[in-house]
J.: 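Just passing along the structure, written as structure tokens.
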Amino acid sequence: MSETTRSDIDRRRTIARHGSMKSPSAWGSIVRFVSIGLATLLVAGAGVAAFIATDLTASFSADAVDIGGEAPPDIAAYDGPVQILVAGTDVCEPEYADLFGERCSDGEDGARSDVLMLLNISAPPRKVTVISFPRDLMVPIPECTDANGNSTWAQSKEQINSAFNTGGLACTVATVRELTGQPIQFAASINWGGVIQMTDAIGGVDVCIGSDMYDRHTGIDWKAGPRTISGYEALQFLRTRHGVGNGSDLGRISNQQQYMSNLVKKLMSEQVLSNPGTLLRLAKVAVEAIDPSTSMADPYTLMQIALAVKDVPFEDFVFVQYPVQTDPDNENRVVPIYDDADALWAAIASGQTLTVTGGTGGSLTEAEVAAQQAENMYDGDGDGLDDATGQPMPTEIVEETPPPVDPGTEVPGALPESITGTNAAQNTCSDGTISNE
């Protein structure tokens, strides 16, 4: 489908009318917004600060980036979706450079978007979908203006993560707008140092390692089991590629989705909700670490975004990977599956609860982890305990399988099988890989 056609479709799409919203408590609405996950954490931390410490927002808006497009109206005036693009960049900050290994020791300059996510808040009743774009996705990059005001050449096919190095956040937004046909009213970028500080501010995030994980590039050497990550470990978990799934960039996305899902649960727990000191630390770190677009640098706008998602249930916080297939020109790169992407945008626009049919990507379900653990147990003396660990042998592994669907039956909100993901109500574990690459 041509870009012109995509734009025409976007303009013609019928949007449901906006419903009224209840007035929430101050803390509850802001923290609900924070709990969308890493993507919304970038926005939400600033939302907290805007409400309780206006002096912090001055520094937040000082470096705001103009991403072009029409100025967004008051959030309450939106009948349709609200979209926020979030870029996690790999810039070599001096205080964290030693944590990046080869990235910061091989003399490379500039910064790329190591993580790129589009947060879509649907028309009422609100649902939240976070779409992750693989860094190895090959796409056209339009003509941009760099930080020095110079125009850059348009490129017909280049890695999507290079758009940030070409023209910063504005160029990244322009690239994703051209790829998706979505308007994207807001955007923000954050360096990896900011992710470390944010994770520390809330006391770490609980993750599950389904099988042993080793990656010499990020320094991971972790045994299977539950793990609370903070500081450097948060960076390792989010950046590892060789240590998860099939060792590709797509496997790394599943780690990022698990992190965001568990971040939702942590932020909505009493540990955070009932601790003003934790919320203040989170707000301060977020404001100092984030570079927003000019469209979202206003505290009032951030408050309104918070109100828009305050009542979204966990099962409607869905994290998916943009549909891709292997690039026929380079087996180490991927290209879009445009038809499946169109189905994704249509499903989001329908307002239905999304159903992921393509699995969890590089993650394992709880049943799959239990099955792996059972295979590794050995009860040689017949006492019902694993001889190696002394733990009780499982009596039965119950697979979590959905009920069969009759052929030809249409599942509301079902996504194409090329789209993997999860939601915040599900529990997944990383499919660890022992990699020496």
Side-chain angles (χ1 to χ4, degrees), residues 31-45 84 86 88 115-122 126-134 190 195 198-199 201-210 213 225-230 233-240 244-245 250-273 282 309-322 348 353-369 400 413 415 419-432:
V31 176
R32 165 64 78 169
F33 177 48
V34 176
S35 65
I36 293 177
L38 176 60
T40 21
L41 175 61
L42 306 184
V43 183
I84 307 168
V86 179
V115 172
L116 187 61
M117 297 176 288
L118 179 62
L119 170 73
N120 182 292
I121 305 172
S122 74
R126 301 292 187 181
K127 294 177 174 60
V128 177
T129 309
V130 180
I131 303 101
S132 295
F133 298 89
I190 182 172
V195 175
M198 285 185 178
T199 308
I202 61 170
V205 173
D206 295 331
V207 297
C208 173
I209 310 301
M213 180 185 298
R227 192 180 191 93
T228 300
I229 58 173
S230 59
E233 285 194 351
L235 183 64
Q236 289 175 298
F237 185 76
L238 292 168
R239 294 192 70 228
T240 184
V244 64
L250 306 186
R252 168 166 43 194
I253 287 177
S254 68
N255 261 17
Q256 295 161 1
Q257 291 175 341
Q258 184 196 159
Y259 174 90
M260 289 187 290
S261 180
N262 291 339
L263 182 62
V264 168
K265 298 162 190 171
K266 178 64 177 284
L267 287 167
M268 291 305 294
S269 71
E270 288 301 313
Q271 288 177 269
V272 175
L273 282 175
L282 176 62
V309 299
K310 70 182 181 68
D311 293 324
V312 177
F314 287 163
E315 58 267 24
D316 284 329
F317 284 92
V318 180
F319 307 96
V320 298
Q321 177 193 289
Y322 184 83
I348 292 173
T353 295
L354 300 183
T355 300
V356 178
T357 65
T360 57
S363 296
L364 300 171
T365 64
E366 289 181 308
E368 289 171 334
V369 172
E400 300 173 357
L415 301 177
I419 299 175
T420 59
T422 185
N423 66 56
Q426 296 174 314
N427 295 316
T428 60
C429 296
S430 296
D431 185 7

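Everything numeric in this text was worked out from a predicted model, so none of it was measured.
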J.: Quiz question: by atom type and distance under 3.5 Å, do the side chains of T240 and Q236 form a donor-acceptor pair?
T.: no
J.: Any side-chain heavy atom of L263 sitting closer than 4.5 Å to one from I202?
T.: yes
J.: Measure the CZ-CD distance between F319 and Q258 for me, rounded to the nearest 0.5 Å.
T.: 11.5 Å
J.: Any side-chain heavy atom of R239 within less than 4.5 Å of one from N255?
T.: no
J.: Which pair of non-hydrogen atoms, one from G421 and one from Q257, has the smallest distance, and what is that distance?
T.: CA-OE1, 3.7 Å
J.: Check T360 against S254 and note the closest heavy-atom contact, atom names and distance.
T.: O-CB, 3.8 Å
J.: Taking the side chain as C-beta and beyond, is there a heavy-atom pair between I209 and C429 under 4.5 Å?
T.: no
J.: State whether a side-chain donor-acceptor pair under 3.5 Å links T129 with N120.
T.: no
J.: Given 3.5 Å as the limit, does a donor-acceptor pair link the side chain of S230 with the main chain of G204, or not?
T.: no
J.: Which atom pair, heavy atoms only, marks the closest approach of Q256 to L238?
T.: NE2-O, 3.1 Å
J.: Considering only heavy atoms from C-beta outward, does the side chain of Q426 approach that of E315 to under 4.5 Å?
T.: no
J.: What heavy-atom pair brings F133 and I253 nearest, and what distance separates the two atoms?
T.: C-CD1, 4.3 Å
J.: As an exercise, state the distance from CZ of R252 to OG of S430, rounded to the nearest 0.5 Å.
T.: 13.0 Å
J.: Identify the residue among V318, N423, D316 that makes a side-chain contact (heavy atoms from CB on, under 4.5 Å) with T353.
T.: D316
J.: Could you tell me if the side chain of I229 sits less than 4.5 Å from the side chain of D206, heavy atoms only?
T.: no
J.: Check whether any side-chain heavy atom of V205 sits under 4.5 Å from a side-chain heavy atom of T228, and report yes or no.
T.: no
J.: Compare every heavy atom of V312 with every heavy atom of F317, then report the nearest pair and how far apart it is.
T.: CE1-O, 3.0 Å
